[in-house]
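Reckoned from all heavy atoms, side chains included, excluding hydrogens, waters and symmetry mates.
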Amino acid sequence: MRKLFTLLFVLVASHAFAQDILVKNGTDTIRCKILDLNDEQVTYQTQEGGITLRQTLARKYVTSYMKGYEAAPGVAAPVKKGGFRMALGGGPAIKMGKADPGMASNWRLGYTLGGEIGGYFDEFNGLALTVNYISHSFSYSVYGDKMDEKQNILYVGPTWIVRYGRTWVGTAHLGLGAVFMNADLGPYGQVVKCKGTAFGTSMGVGIERKISPTSALGASLSMTGGKLTRFKDEFGKQYDTGDNYSVSLTSLTLTAYIAFGSKK
């Protein structure tokens with residue numbers, strides 16, 4: 001699953017970097033495919049709403065241009081457009097990993113709440129601080145006795161975000177951070193309150209639809225979490241996870257969100 005998300009991230013990022021850019025009159029950025037460029041005019045192709053448009057522009061109006069997101073020789077780099085961004089959302093979460101014997105069928109289902117705040121430093125790339133809260137509650141039987149467990153994790157870390165598009169915007173993100181666990185666990189037949197911290201990652205892809213110049217609605221599919229190797233219970237006893245007992249902190253989340261930002 002992680003390999004699939006990594007592949008999707010690379011595909012979105014490479015697509016964003018592969019397009020050409022024209023800067024018109026020093027301020028207007030046109031994302032396009034440059035078909036022909038000479039001393040008189042530039043012929044380029046754009047896509048809007050699934051429609052491909054072929055257009056020409058007099059060379060005197062072209063301040064600079066970039067092909068494949070690499071600056072063309074002898075011209076200045078275009079004006080970069082970034083912007084502030086904040087997003088809030090939530091949705092279902094599916095816990096990853098193997099079920100222990102006797103675990104109820106609903107052990108995988110939970111929910112997530114989260115948000116991010118940051119900004120884009122050019123047309124395609126941004127950096128944000130991401131916070132995700134993920135909660136799972138489940139029950140299982142040990143020698144006929146019902147055990148109720150609850151696992152809450154908080155993921156916090158910086159995230160690299162790549163976007164591509166105008167009205168409909170494709171996104172991909174990759175982040176590294178920390179995962180904090182606060183849970184009621186039954187490591188050896190008795191449920192106790194436990195805490196632990198682990199290195200975590202977050203990666204995923206999404207799509208947004210602009211509803212105004214400064215806001216958008218979106219949905220993202222992400223894998224967030226990490227692997228816990230050690231934790232302590234409420235009495236100070238330390239547990240080293242291994243073959244006999246393991247704690248999965250990784251969840252697959254589907255998040256619907258609303259995003260706000262500066263006008264593009």
Side-chain angles (χ1 to χ4, degrees), residues 1-2 5-6 8-9 12-13 82-97 108-122 124-138 149-163 169-185 193-211 214-232 247-262:
M1 184 65 74
R2 290 185 182 274
F5 276 104
T6 301
L8 291 174
F9 179 85
V12 174
F84 166 81
R85 172 188 171 86
M86 179 177 69
L88 297 171
I94 300 176
K95 190 174 179 64
M96 308 302 288
R108 291 188 183 274
L109 301 179
Y111 68 89
T112 181
L113 299 172
E116 63 184 36
I117 184 169
Y120 288 95
F121 40 85
D122 62 26
F124 314 107
N125 298 277
L127 188 65
L129 175 64
T130 299
V131 179
N132 280 336
Y133 172 81
I134 302 173
S135 180
H136 292 274
S137 298
F138 43 87
E149 293 193 6
K150 185 174 184 179
Q151 184 183 107
N152 301 320
I153 70 167
L154 183 68
Y155 169 85
V156 181
T159 303
W160 174 33
I161 307 172
V162 177
R163 63 180 177 182
V169 181
T171 66
H173 70 267
L174 177 64
L176 303 175
V179 179
F180 304 93
M181 182 197 72
N182 188 353
D184 296 332
L185 300 178
K193 295 186 180 297
C194 301
K195 292 183 178 181
T197 304
F199 172 77
T201 61
S202 179
M203 61 180 67
V205 293
I207 188 169
E208 296 180 3
R209 176 64 163 85
K210 287 189 177 181
I211 56 177
T214 59
S215 60
L217 295 176
S220 65
L221 184 65
S222 307
M223 180 174 287
T224 302
K227 183 179 181 181
L228 190 66
T229 58
R230 180 175 297 177
F231 63 93
K232 289 185 178 181
V247 179
S248 172
L249 302 182
T250 300
S251 295
L252 183 67
T253 62
L254 178 62
T255 305
Y257 61 88
I258 183 169
F260 304 94
S262 53

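What you find for Ala198 and Lys227 is that their closest heavy atoms are CB-O, 3.5 Å. The shortest non-hydrogen separation linking Ser202 to His173 is OG-NE2, 3.5 Å.
Note that the OG1 atom of Thr171 and the CD1 atom of Ile161 stand 8.0 Å from one another [nearest 0.5 Å]. A distance of 5.5 Å separates CG of Leu252 from CD1 of Ile94, quoted to the nearest 0.5 Å. Note that CG of Asn182 is 10.0 Å distant from CD of Gln151, once rounded to the nearest 0.5 Å. Atom CE of residue Met203 and atom OG of residue Ser220 lie 14.0 Å apart, to the nearest 0.5 angstrom. Taking CE of Met181 as the reference point, atom CD1 of Ile153 lies at 10.0 Å (rounded to 0.5 Å). Put simply, CG on Leu249 and CZ on Phe231 are 10.0 Å apart, with the number rounded to the nearest 0.5 Å.
For the salt bridge (charged side-chain N to carboxylate O under 4.0 Å, His left out) condition, no pair includes a residue of residues 126-136, sequence neighbours left out.
At least one side-chain heavy atom of Thr255 sits less than 4.5 Å from a side-chain heavy atom of Thr112. Residues Ser251 and His136 have side chains in contact (heavy-atom distance under 4.5 Å, counting atoms from C-beta outward). Put simply, the side chain of Val131 reaches to within 4.5 Å of the side chain of Leu154, judged on heavy atoms. Using a 4.5 Å cut-off on side-chain heavy atoms (C-beta onward), Ile134 and Tyr155 make no contact.
Partners of Leu113 according to the side chain to side chain contact (heavy atoms under 4.5 Å, CB included) rule, which considers only residues two or more places apart in sequence or in another chain, are Tyr111. In this view, Ser215 and Ile211, Ser212, Phe260 satisfy the side chain to side chain contact (heavy atoms under 4.5 Å, CB included) rule, not counting sequence neighbours. Scanning for side chain to side chain donor-acceptor pair (under 3.5 Å) contacts around Ser135 gives Asn152, with sequence neighbours left out. Residues passing the side chain to side chain contact (heavy atoms under 4.5 Å, CB included) test with Leu254, sequence neighbours excluded: Pro92, Leu221. Take Thr253 and apply the side chain to side chain donor-acceptor pair (under 3.5 Å) test, not counting sequence neighbours, and it matches no residue. The salt bridge (charged side-chain N to carboxylate O under 4.0 Å, His left out) test applied to Lys193 returns Asp184, not counting sequence neighbours. Not counting sequence neighbours, the partners of Leu127 by the side chain to side chain contact (heavy atoms under 4.5 Å, CB included) test are Phe121.
Applying the side chain to side chain contact (heavy atoms under 4.5 Å, CB included) test between Thr159 and each of Leu174, Thr130, Leu176, Leu129 identifies Thr130 as the sole match.
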>> For Tyr257 and Glu208: C-alpha separation, side-chain torsions, deciding distance, then whether side-chain hydrogen bond (donor to acceptor under 3.5 Å, both in side chains) applies.
In response: CA-CA 9 Å; Tyr257 61 88; Glu208 296 180 3; 2.9 Å; yes

> Are Met96 and Met223 close enough, and set up right, to give a side-chain contact (heavy atoms from CB on, under 4.5 Å), and what steps lead you there?
Replying inline: CA-CA 9 Å; Met96 308 302 288; Met223 180 174 287; 4.2 Å; yes

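A cation-pi arrangement is not found for Arg85 relative to Tyr120, the charged atom failing to lie both closer than 6.0 Å to the ring centre and inside a 45° cone about the ring normal.
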